[in-house]
There are 2 protein chains.
Amino acid sequence: MTQDTARTSPRRDSSSITLQDIAAHSGVSRSTVSLVLRESPLVAERTRLKVQRAIKELGYVYNRGAAALRGSRTSTLGVVVYDIANPFFGAMVAGIDAALNKEGYVSFLANSEDSPERQQRFLERMREHSVDGILLCPAEGTPPSLIDTLAEWQLPCVQVLRHIGAPPFDYASSDFVLGVHQAVDHLVALGHRRIAFLGGNAEHSATQERWQGYTEALAHHGLDYQRLVRGNVTRSAGLELIETLMRETPRPTAVICHNDLVAFGAMLGLKRLGLTPGQDCAVIGTDDVEEATLGDPALTSVATHPYAIGEEAARLALRRIADPDGAREQVVLAPRLQVRESCGSSSTEIPATSPATAGPSLSSA
Amino acid sequence: MTQDTARTSPRRDSSSITLQDIAAHSGVSRSTVSLVLRESPLVAERTRLKVQRAIKELGYVYNRGAAALRGSRTSTLGVVVYDIANPFFGAMVAGIDAALNKEGYVSFLANSEDSPERQQRFLERMREHSVDGILLCPAEGTPPSLIDTLAEWQLPCVQVLRHIGAPPFDYASSDFVLGVHQAVDHLVALGHRRIAFLGGNAEHSATQERWQGYTEALAHHGLDYQRLVRGNVTRSAGLELIETLMRETPRPTAVICHNDLVAFGAMLGLKRLGLTPGQDCAVIGTDDVEEATLGDPALTSVATHPYAIGEEAARLALRRIADPDGAREQVVLAPRLQVRESCGSSSTEIPATSPATAGPSLSSA
DNA sequence: TTCTAGATTTAGACCCATCCAAAAAGATGC
DNA sequence: GCATCTTTTTGGATGGGTCTAAATCTAGAA
C-alpha cells in the first residue's frame, strides 16, 4: 500500500504531489479531485471515497497559494496592533486567533509600535499577500484617509479599540465612556467628591471617550472638582503623575486611571509618598489585566474583556469578507467594574445587569 | 497623467493591474518588468526607469501569491507560541516581528494554548500556506517525532525556549541553568543557606534546565537544604505554593521562582502570611518582566531578554531558510540577574562580565 | 424503447508571476 | 564591413489550483 507509489507517482518527492497525481491515481479528472477537496456536494459518494483514499495514500498537501491565485480568497487576515508586548493585546490576539482558527483562517501579525510608517509598510505588504481583510488598531497619528485608502484597495478593514475617519465603519471595542461612568458612579457611592482622571495623551478615540465619560459623569453627579491629568499610559507615567497630583491643594480622594498600568504606577507612587492606596486615595484602573487580582492592594478595575474584543473583531472581519457590501457594524462590548481593595470598599463585585460574560451590544451604522 | 490609463489598461479596476499591463504601457516584455521588480542588475538603467514609471502610474501591486507559485519562497514564516497572553511572549513576538520586518518577511502567528493538537493543526495549515519556515515554542506534551516530521516536510524549524527531540537542531533561548546559578550565587553571598525553588511541572527542557541549575548550584556551594516545589507557573500557583512551603520546618529563607508570575504570587502569599518579602524571605523571579521594576517590593529577577530571544530566533530561521543544509545552530543568551529589593539587598545591579545587552553565546552542533 | 430532467464528471481556459534558453541589440576589434 | 563578444530583452513553458460551460451518465416517464 505504501510501495505502489513508484508506479503512480514516479520519482517525485512527497512535497510535489499535485491534483494531477491524485487524479491519475484514482482514475478521475483534476476537476473532480478539486471538488472533493472543497467538499462539494456535487461529487458522488463512491467517487469521493476513492479520491480521499488516493489523497491519503500519496500524502498530498493542498497548495493554498495556487488555490488563492485562481480563486478569490486566501483565508488569511492581517492584524496590526500597536503594542504587542502589552498584556492587553496578548489576550486580544489570543481571542482573534481562537475565532479565526475555527474558520480555518490564519493571521499575519504585525506590531506597529504606534508608528504610522511601520503600519503603512505592513499594510502594503498585506495587500501584496492578498489578505482577505485587515484588523487594525490604528497607530497614533494615523491619517484618517487611511481608511479610504483601504477601501480603494478593496480591503475589508475592521478597526479595533481606536477608530479614525468618519463612520460608518466596522469597529470592535469596549465602551470606554460607560466604563468611566461605572467607575465614577462607584466612587461617588462610596462618598468621594474629588475624583481625578490620570493618563492619556493624544487624539485617540479611545482616550477621548474616556475623557468624555469622565466629564459627563462628573456633571451627572453635580461634582465641581475636575482634574484631568494628561500623560503617558505606562507604569512610570502613573508613578510620576500621581506625585504631581498629590501635591496639589485640594487633593483628590480618588483617581481613575487610563489603564491598569497607570493604576499600578499610581499605587506605587502613593506608597512612596507614604500614603495607602484604597485608604488615603482610591485607585481604579481600566482593563482588568491578570495582575490586578493579585496586586497589593488588589486593584479595582474596569474590565474591558480583551479576549472577547478580539473574538468579536475577528468575527466581524469574517462577516465583512463574506459580504463586502453589507452594512458596517459596530460591536462595542459593555465593560464591567471589578471591585477590589484599591478603592477602599471590600472585595465584591458590583451587581450588573449584564451577564457574567459581557454580551456584545450591537449597533449598525 | 492619470487619465491616459483608459487606453493602456481598459476597464480594469486598479487591483487587477498585472505585469502584462506594465509591459504594454512601457513598451517592454513581461519578463523585463519582472526583472525590474526583482531589482535585477541585468536591466539597463533607461529601461528600468521607464518601467518603474509605468509601475507608479498604473498603481501596480505586486502579487506575492503568484510569485510564490512559480518561485520558491513566500517570505512568510509560521510562529507558534503556547501562551501569547503572557507578557513574556508579547515581548518575544515583538522581537521576532522587528527582525523579520527588516528582511521583508511577515509572520503567521498562532497560539497553541499548550495543546499539541492545536499546534499540529496549525503546522499543517502553515505547510499548506507554504511558509518558508517555522518558529516553534513546542506545546507541552509535543511528541519528539514532530521535529522529524517537519524535517520530512522540508520545513526549516527553529525551536524556541523549549526543545524536543535529539540534537542537532536550531534553537534559540536563554541559558536557564546559568540563570538559576546566578540567583543561587547571589543568595548565598547574602548569607542564605536554605534556598527553595518554586514552580515548574512538566517535562519541558526549560523546566529541567532550571531544576538542573538549582541542584548543581546547591551542590557547588555545599548546601544540604534542597526543596524543589513543583507546580504551575502562574501567579495563583505561586501564592499557593509559598503557603505550603512556609508551613514546613525548617523554612527556607529564600525562594527562586520559575518565572516572575510565580514570584509575584509568592510575594503576595508571604504578605498574606504576615511576612515581608525580602526581609522574612528573599524572593527571586525569572524573566524580568516590566512590572518587576515597580513591584512592592521591586522584584529581583533573572532577566531572560525575551525581545532579544525573538530577534535571534528570527535571524536563525532566516539563516536556515537561506541555507537549509547548513550546520544547525544554538543561540543561548546569557541571562542577567537584576537585583532589586525583594531579596533584601539594596537595589543595585550585579556587575556582570557580559555587556549591557547580553550578547548571544553561539555554539553550533 | 426513446426521451428528458437531474446528477456527475470533465476539458480547457485562466489566475499572475518566474524561469530558461535563445534571440536581439550594441560594442569592440581588425 | 564583418565576425565576435557582451549586454539586454524576450517568448513560451511552467507552477498548481479553480472556474465555466459542456459532456456524460442515470433513472424514471412516455
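In what follows, chains carry the letters A, B, and so on, assigned in the order in which the sequence lines appear, proteins first and then strands, with residues in each chain numbered from 1. Both backbone and side-chain heavy atoms feed into the values below; hydrogens, waters and symmetry mates do not.
For the helix from C/dT1-D/dA30 to C/dC30-D/dG1, the axis fitted to the five pairs at one end and the axis fitted to the five pairs at the other end meet at an angle of 60° (nearest 10 degrees).
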Which donor-acceptor pairs under 3.5 Å do the side chains of residues 30-37 of chain B make with protein atoms, sequence neighbours left out?
residue: B/Thr32; atom: OG1; partner: B/Ser29; partner atom: OG; Å: 3.2
residue: B/Ser34; atom: OG; partner: B/Arg38; partner atom: NE; Å: 3.3
residue: B/Ser34; atom: OG; partner: B/Arg38; partner atom: NH2; Å: 2.8

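For the side chain to side chain donor-acceptor pair (under 3.5 Å) condition, the pairs that include at least one residue of residues 61-70 of chain A, sequence neighbours left out, are A/Arg64-B/Glu128. Here ring-ring contact (aromatic ring centres under 6.0 Å, His included) pairs that include residues 35-59 of chain A, with residues two or more places apart or in two chains, number zero. Residue pairs satisfying the ring-ring contact (aromatic ring centres under 6.0 Å, His included) criterion with at least one member in residues 110-145 of chain A, sequence neighbours excluded, are listed as follows: A/Phe108-A/His129.
Residue whose closest nucleotide on DNA chain C sits further toward the 5' end, between B/Gln20 and A/Arg48: A/Arg48. Along DNA chain D, the nucleotide nearest to A/Gly65 and the one nearest to A/Ser72 differ in position, and the one closer to the 5' end is contacted by A/Gly65.
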Heavy atoms under 4.0 Å is the rule here; annotate nucleotides 6-15 of chain D 5' to 3' with B where the base is hit, S where only the sugar-phosphate is, and - elsewhere.
--SSBBBBBB

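Every side chain to side chain contact (heavy atoms under 4.5 Å, CB included) that B/Glu117 has, sequence neighbours left out, goes to B/Ser115. Scanning for side chain to side chain contact (heavy atoms under 4.5 Å, CB included) contacts around B/Ser173 gives B/Leu161, B/Tyr171, B/Phe176, with sequence neighbours left out. In this structure A/Tyr105 satisfies the ring-ring contact (aromatic ring centres under 6.0 Å, His included) test with no other residue, sequence neighbours excluded.
Using cut-offs of 30° and 60° for the angle between ring planes, the A/Phe169 and A/His163 rings count as tilted.
Considering only side-chain N and O atoms, A/Arg64 lies nowhere under 4.0 angstrom from the phosphate OP1 or OP2 of D/dG17.
Spacing between atom OH of B/Tyr62 and atom P of C/dC16 amounts to 14 Å, rounded to whole angstrom units.
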